[in-house]
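Notes follow the structure.
The basis for the numbers below is simple: all heavy atoms, side chains too, and nothing from hydrogens, waters or symmetry mates. We count residues from 1, following the sequence as given.
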Amino acid sequence: AEHLDVELDASLSRVMLDWCTHKSIQRIAVWIDAHVLGSFVKAVMRVVSYIDVVREVLLGLGEYELHARLDHHMDLLLGGLVTNESLYLRMGDF
């Protein structure tokens, strides 16, 4: 991140790694205050968005195998996490 002049939050990185490994909100709740939980959800959603962009780039580069390996990234990253989008019912779902 230094070469991009970006500062990474080491604590958030550890929480994200723990989430990806265990998918336990109880474990996450031990590390962060309840009022910061929304920031954690936003961070997970941001990673999902980045992977969406990477998948598009992989298609453009013809890297179909790598693209396919990221097919279920939302399910793997969200793992039951409630997001703003999941709180709304969509008429197409019925």
Side-chain angles (χ1 to χ4, degrees):
E2 288 179 19
H3 68 281
L4 297 174
D5 199 26
V6 175
E7 187 176 324
L8 296 177
D9 182 345
S11 177
L12 181 58
S13 299
R14 285 189 294 273
V15 172
M16 289 292 293
L17 178 60
D18 190 83
W19 173 254
C20 289
T21 304
H22 301 286
K23 298 289 188 300
S24 170
I25 199 66
Q26 289 82 11
R27 288 176 61 96
I28 301 302
V30 170
W31 290 20
I32 61 177
D33 293 330
H35 71 278
V36 185
L37 194 55
S39 296
F40 167 71
V41 173
K42 284 199 305 192
V44 173
M45 294 304 297
R46 197 169 299 129
V47 171
V48 168
S49 294
Y50 292 152
I51 293 175
D52 287 339
V53 171
V54 168
R55 289 182 79 228
E56 291 297 319
V57 170
L58 290 171
L59 272 180
L61 294 173
E63 296 288 341
Y64 305 114
E65 185 178 329
L66 285 174
H67 179 271
R69 290 177 63 187
L70 295 173
D71 268 349
H72 303 290
H73 70 287
M74 280 189 88
D75 295 334
L76 294 172
L77 281 168
L78 296 179
L81 196 65
V82 176
T83 64
N84 289 342
E85 184 177 324
S86 71
L87 294 175
Y88 295 99
L89 295 175
R90 287 180 259 155
M91 293 306 289
D93 292 343
F94 295 100

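- The stretch residues 47-59 participates, sequence neighbours left out, in these side-chain hydrogen bond (donor to acceptor under 3.5 Å, both in side chains) pairs: Asp52-His73, Arg55-His67, Arg55-Asp71.
- Checked by atom type and distance alone, the side chain of Lys23 never pairs as donor or acceptor with a backbone atom of Leu77 at under 3.5 Å.
- By the rule that hydrophobic residues join a cluster once side-chain heavy atoms approach within less than 4.5 Å of another member, Val53 and Ile51 end up as members of separate clusters.
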Please table the atom pairs, donor to acceptor, closer than 3.5 Å between any side-chain atom in residues 38-47 and protein atoms at least two apart or in another chain.
none

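- The minimum heavy-atom distance between Asp18 and Trp31, with the atom names listed, is CB-CH2, 4.1 Å.
- In this structure, Thr21 OG1 and Met16 CE are separated by 10.5 Å, a value rounded to the nearest 0.5 Å.
- Listed by chain and residue number, Val57, Glu63 satisfy the side chain to side chain contact (heavy atoms under 4.5 Å, CB included) test with Leu61 (two or more places apart in sequence, or in another chain).
- Following chains of ILVMFWY side-chain contacts shorter than 4.5 Å, one can reach Leu37 starting from Val30, so the two form part of one hydrophobic cluster.
- Side-chain heavy atoms closer than 4.5 Å link hydrophobic residues (I, L, V, M, F, W, Y) into clusters, and following such links, even through other members, never connects Leu66 to Leu59.
- Side-chain heavy atoms closer than 4.5 Å link hydrophobic residues (I, L, V, M, F, W, Y) into clusters, and following such links, possibly through other members, connects Ile32 to Ile25.
- In the hydrophobic clustering of this structure, Met74 groups with Trp19; members are Ile, Leu, Val, Met, Phe, Trp, Tyr whose side-chain heavy atoms approach within less than 4.5 Å, directly or through other members.
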